[in-house]
Amino acid sequence: MSFFENTRKPVGLGGKIMVAMMNLGHSPVAQWGLQFLNVAPDAKVLDCGCGGGANMKRLLKKCPQGIVKGIDYSPVSVEKSKKVNDAAIAEGRCAVLQGSVADMMFANNWFDAVTAFETVYFWPDLPRCFREVYRVLKVGGTLLICNESNGDTDKDKKWTEIISGMTIYKDAELKTYLEQAGFHDVQIHKKKSWLCIMAWK
Ligand SMILES: C[S@@+](CC[C@H](N)C(=O)[O-])C[C@H]1O[C@@H](n2cnc3c(N)ncnc32)[C@H](O)[C@@H]1O
């Protein structure tokens, strides 16, 4: 297994190194994407594919009276996200759960916002996962997708060649899947090779 497979599902020691690296390496694109997310200070937010938990920490800062939950199917990611957000977990404002985005344990219409940083590339059945995200969002709630690779150039092929099960979606493909799941007012933002998509329930 190549070290880069740990981006799809971090496992073992390589996975622990990868989640620490992603917390640092994804910081510029995540901070750029987060500026598009307008949420109330007491919002309930879910971070899907939370990895090492750095974006959960940013969301907790953005919503100082809110609740931030994270879900990831990798035990390594869950452990790191818990460590990074231990103070907020102790305050009862944060929780990290192990599970797949395709079949989430959360109630219908519960979250004001759902975020997905650098993770939709790996979701096995994207239409089903988007329907799940739609289900857990409140009416009027927002989904933010933020990717470092927008699929506009062949440059990105280097990643799909070394990471099995990875698909780099173009903005129009994601928009179509989102609208099929019921989302509306899909907004597309781009900078360099980065892509941020906002959609509303
Ligand atoms: C490249 S990492 C990104 C982590 C973090 N969001 C970031 O930006 O640094 C992708 C993460 O998504 C998780 N993941 C991928 N597909 C998933 C799925 N279907 N359900 C839950 N987690 C998933 C992986 O385990 C991994 O932790």
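Every number for a ligand or one of its atoms is a count from 1 in the order of the listing. Heads up: numbering here begins at 1 and tracks the sequence.
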Among C48, G49, C129, whose heavy atom sits nearest atom 6 (N) of ligand 1?
G49

If the test is side chain to side chain donor-acceptor pair (under 3.5 Å), which one of T142, N55, D47 qualifies with T115?
D47

Side chain, backbone, both or neither: which part of N55 comes within less than 4.0 Å of ligand 1 when only heavy atoms are counted?
side chain

Assess whether salt bridge (Lys or Arg N to Asp or Glu O under 4.0 Å) is satisfied between E132 and R135, documenting all intermediate values.
CA-CA 5 Å; E132 264 298 87; R135 179 184 69 74; 2.7 Å; yes

Atom 12 (O) of ligand 1 sits nearest the protein heavy atom T119 OG1, 2.9 Å

How does H26 reach ligand 1, by side chain, by backbone, by both or by neither, if only non-hydrogen atoms under 4.0 Å count?
side chain

Under 4.0 Å from a heavy atom of S74: which atoms of ligand 1 are those, numbered in the order shown and with their elements?
25 (O)

On a heavy-atom basis, I'd like to know which of R8, K9, M166 is closest to atom 24 (C) of ligand 1.
R8

Can a salt bridge be assigned to the pair E179 and K175 using a cut-off of 4.0 Å between side-chain N and carboxylate O?
yes

S77 contact mode with ligand 1 (heavy-atom cut-off under 4.0 Å):
side chain

Using a strict threshold of under 4.0 Å (side-chain N to carboxylate O), is an ion pair present between D171 and K190?
yes

Looking only at protein heavy atoms, which one is nearest to atom 20 (N) of ligand 1, and how far off is it?
V101 N, 3.0 Å

If you group Ile, Leu, Val, Met, Phe, Trp and Tyr by side-chain heavy-atom gaps below 4.5 Å, do V96 and L46 land in one group?
no

Going by an N to O cut-off under 4.0 Å, is there a salt bridge joining K83 and D86?
no

Closest to atom 13 (C) of ligand 1 (judged by heavy-atom distance), picking from V76, N147, D72, I71:
D72

